[in-house]
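Below you'll find the structure, written out as structure tokens, and then a few comments.
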Protein chains: 2
Amino acid sequence: MTTEAANSSTRVLPHPEPSEIRLEAVLHALSDPLRLQVVRELAADGHELSCSHFDLPVTKSTTTHHFRVLREAGVIRQIYRGTAKMNVLRGDDLGDLFPGLLDSVLAAAARQAARLGTG
Amino acid sequence: MTTEAANSSTRVLPHPEPSEIRLEAVLHALSDPLRLQVVRELAADGHELSCSHFDLPVTKSTTTHHFRVLREAGVIRQIYRGTAKMNVLRGDDLGDLFPGLLDSVLAAAARQAARLGTG
DNA sequence: ACCGTAGTACGATGCTTATCGTACGAGTCG
DNA sequence: CGACTCGTACGATAAGCATCGTACTACGGT
């Protein structure tokens with residue numbers, strides 16, 4: 001049973017507070033190719049993107065797993081909107097905690113993608 | 001004798017070419033607390049430091065393992081000098097490949113260390 | 001030649017992670 | 001309601017990784 005009368009989009013996901021975000025966890029989250037790709041797309045778009053928007057070469061289960069890793073590391077924020085689950089970069093929080101870090105990682109990823117031939 | 005250069009004898013260690021260095025591997029190498037600490041000390045010192053200079057809370061075997069991960073990711077360069085194995089950051093190579101990345105990671109690490117009250 | 005120091009190699013172990021499949025829940029729309 | 005879509009939960013599996021201990025090599029000094 002739903003423990004709570006389903007007030008649409010009242011499903012809330014746990015996110016780490018800025019004070020709980022660890023650099024090591026952020027770096028680890030970004031060290032996976034799939035997750036780094038997701039972060040790049042989120043940064044490039046700048047808006048909320050649903051999980052299903054991403055065309056990852058893994059199953060839905062694995063996709064859920066990767067998004068959770070990103071969320072629990074504090075890299076993204078996830079919000080339910082209807083049946084969809086929207087994802088946004090926590091650019092502000094990360095910028096406050098680690099100024100310039102996200103930008104240089106994204107720049108590095110873009111640079112490597114260009115170097116390796118259209119990524 | 002000698003003491004000058006040219007003491008890097010027979011034993012040579014494999015290092016990735018700059019073109020072989022992958023961002024994901026670098027981020028993964030830096031995502032371990034011990035390895036990040038090593039990199040911070042190397043950056044702070046700026047000179048060659050032997051493996052035994054670092055006082056890591058793990059055995060020699062594990063220390064060897066962590067230095068190898070850093071070397072194979074392209075983060076450090078290792079050279080034998082007598083019985084010692086010297087380590088130095090590949091700051092130039094990383095700076096060419098991923099401008100600003102290493103600096104912002106180091107800054108982030110310093111910031112987090114201060115925030116967590118490292119003493 | 002010997003010994004001590006620095007580091008390696010190898011095998012084992014236990015933990016973490018990436019992956020999948022299937023069954024299920026939550027929400028939308030006809 | 002019923003069907004459909006999006007995503008979750010759980011269990012299983014396989015690979016990776018951090019760690020250790022012991023046995024070993026390489027080098028330098030005495």
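Keep in mind that what you see is a predicted model, and the values were worked out from it rather than measured. By convention in this document, chain letters (A, B, ...) are assigned in the order of the sequence lines, proteins followed by strands, and residues within each chain are numbered from 1.
- Pairing each heavy atom of I79(B) with each of E48(B), the nearest pair is CD1-OE2, 4.0 Å.
- For dG7(D), its base sits under 3.5 Å from the side chain of K60(A) at one donor and acceptor pair at least.
- E24(B) places its CD atom 16 Å from the P atom of dG16(D), with the value rounded to the nearest Å.
- Atom CG of L34(A) sits about 7.5 Å away from atom OG1 of T63(A), to the nearest 0.5 Å.
- Distances shorter than 4.0 Å separate some side-chain N or O of R35(A) from OP1 or OP2 on dA18(C).
- Checking dG7(C), dA18(D), dT22(C) against every side-chain atom of S61(A), the shortest atom distance belongs to dT22(C).
- Taking atom CZ of F67(B) as the reference point, atom P of dT8(C) lies 10 Å away to the nearest angstrom.
- Whole-Å rounding puts the L34(A) CG to dA18(C) P distance at 10 Å.
- Looking at F54(B) and L42(B), their side chains come closer than 4.5 Å, going by heavy atoms from C-beta outward.
- Distances were taken from every side-chain heavy atom of T83(B) (C-beta onward) to each of dG7(C), dA26(C), dT5(C); the shortest belongs to dT5(C).
- Checking the phosphate oxygens (OP1, OP2) of dT8(C), a side-chain nitrogen or oxygen of Y80(B) falls inside 4.0 Å.
- When each of dG27(C), dG7(D), dT19(C) is scored by its nearest atom to the side-chain atoms of T64(A), the top-ranked nucleotide is dG7(D).
- Atom P of nucleotide dA6(C) and atom CZ of R68(B) are separated by 20 Å, given to the nearest angstrom.
- Judged by closest nucleotide on DNA chain C, A84(B) is the one of A84(B) and T59(A) placed further toward the 5' end.
- Put simply, CG on L13(B) is 18 Å from P on dT25(D), counting in whole angstrom units.
- Of the candidate nucleotides dA18(D), dT8(C), dA18(C), dA18(D) has the atom nearest to the side chain of H66(B).
- Using a 4.0 Å heavy-atom cutoff across all strands shown, S52(B) reaches sugar-phosphate atoms only and no base atom.
- Looking at S104(A) and S104(B), their side chains do bring a donor and an acceptor atom within 3.5 Å of each other.
- Between the CG atom of D55(B) and the P atom of dA6(C) there is a distance of 12 Å, rounded to whole Å.
- When rounded to the nearest whole Å, the span between NZ of K85(B) and P of dA6(C) equals 14 Å.
- Regarding contacts with the backbone of dG16(D), every side-chain N or O of H28(B) stays at 4.0 angstrom or more from both OP1 and OP2.
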Query raised in the report: Can you check side-chain hydrogen bond (donor to acceptor under 3.5 Å, both in side chains) on T64(A) and S61(A), steps first, answer last?
Result: CA-CA 5 Å; T64(A) 297; S61(A) 309; over 6 Å; no

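- Distance, H65(A) NE2 to dA14(D) C1': 14 Å, rounded to whole Å.
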